[in-house]
Amino acid sequence: MKTVMGMFGTLMLALAITGVAFAHWTDTLYINGTVNTGTFGAELSVDMGCDSEPPGKDVSSISGTLSDDKKTIRVTVSNAYPCIHYYLPIDLQCVGSVPLIIQSIEYYRGDLPENTTLEIVQDPAHGEEPVIAEGTQLHQGQTAYGLLHLHLDEDAGQGETYSFTVTINVVQWNYYP
């Protein structure tokens, strides 16, 4: 019994010494961090429009106005008539630090005649610059350019005023499918 008690005491002493030695070799480390996120944003701008009327016979016009949030363009064609092409320069700028991709372009045709062509085409004034089109990616400060092209077909009324809107939806680059 004394032997068992001696072994037990020796074992307890060994564990105590190991525990003290172990306690001297432990420490707690803390990691503090800060995460700064980027900003995401896009803005449209619109310039003076033009049409295919010959000089001296320029009776109709196209104009665009931006919504307060600069996400939607309201387009108005005044004194319209059939078989004419209108062009409205538009720009889309990435104003955030996170790159964006144009996800979709939505045309709300308003009161446009049924056979009206409505599209965004490359603006020849900006050559190889990015074009406003689905899938175009823009980085901070970069701008995409386009010409809103409208062609009124034979079903357009003479002297009419037509209004419609264009909305360009963008997403951050890694959310694009």
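Here the structure is a predicted model, which is why all the values come from computation and not from measurement. In what follows, residues are counted from 1 in the order of the sequence shown. Values reported hereafter were calculated over all heavy atoms of this structure, with side chains retained and with hydrogens, waters and symmetry mates removed.
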Atom pair [atom1]/[atom2] of [X] and [Y] - distance to nearest 0.5 Å:
X: Ser60; Y: Asp51; atom1: OG; atom2: CG; answer: 4.5 Å
X: Cys94; Y: Gln140; atom1: SG; atom2: CD; answer: 7.0 Å
X: Leu138; Y: Leu92; atom1: CG; atom2: CG; answer: 5.5 Å

Donor-acceptor under 3.5 Å (Thr136 side chain, Val131 main chain): yes
Under 3.5 Å donor-acceptor, Arg109 side chain and Thr116 backbone: yes
Measure the shortest side-chain to side-chain distance between [X] and [Y] over non-hydrogen atoms and say whether it is less than 4.5 angstrom.
X: Glu154; Y: Cys83; result: yes
X: Pro130; Y: Gln142; result: yes
X: Thr76; Y: Phe164; result: no
X: Ile73; Y: Thr65; result: no

Residue pairs, two or more places apart or on separate chains, that pass side-chain hydrogen bond (donor to acceptor under 3.5 Å, both in side chains) and touch residues 159-168: Thr72-Thr167
Side-chain donor-acceptor pair present, Glu53, Tyr86, cut-off under 3.5 Å: no
Which pair of non-hydrogen atoms, one from [X] and one from [Y], has the smallest distance, and what is that distance?
X: Asp155; Y: Glu114; answer: OD2-N, 3.5 Å
X: Pro82; Y: Ala156; answer: CG-O, 3.2 Å
X: Pro89; Y: Asp123; answer: CB-OD2, 4.3 Å

Is [X] linked to [Y] within one hydrophobic cluster, defined over Ile, Leu, Val, Met, Phe, Trp and Tyr using a side-chain heavy-atom separation of less than 4.5 Å?
X: Ile132; Y: Tyr87; result: no
X: Ile84; Y: Leu150; result: yes
X: Val59; Y: Val77; result: yes
X: Leu147; Y: Leu152; result: no
X: Val95; Y: Leu100; result: no

side-chain contact (heavy atoms from CB on, under 4.5 Å) partners for Ser104, two or more places apart: Glu106, Glu134, Asn169
Contacts of type side-chain contact (heavy atoms from CB on, under 4.5 Å), residue Ile101, not counting sequence neighbours: Gln137, Trp173, Tyr176
Those residues that, when tested against His85, pass ring-ring contact (aromatic ring centres under 6.0 Å, His included) (two or more places apart): His149, His151
For Tyr145, ring-ring contact (aromatic ring centres under 6.0 Å, His included) partners two or more places apart: His126
If you look only at distance, which donor and acceptor atoms sit under 3.5 Å apart when one is on a side chain in residues 29-50 and the other is two or more places apart or in another chain?
| unit_1 | atom_1 | unit_2 | atom_2 | d |
| --- | --- | --- | --- | --- |
| Thr39 | OG1 | Ser97 | N | 3.1 |
| Ser45 | OG | Asp91 | OD2 | 3.4 |

Greater than 12 external heavy atoms within 6.0 Å of Lys71's NZ: yes
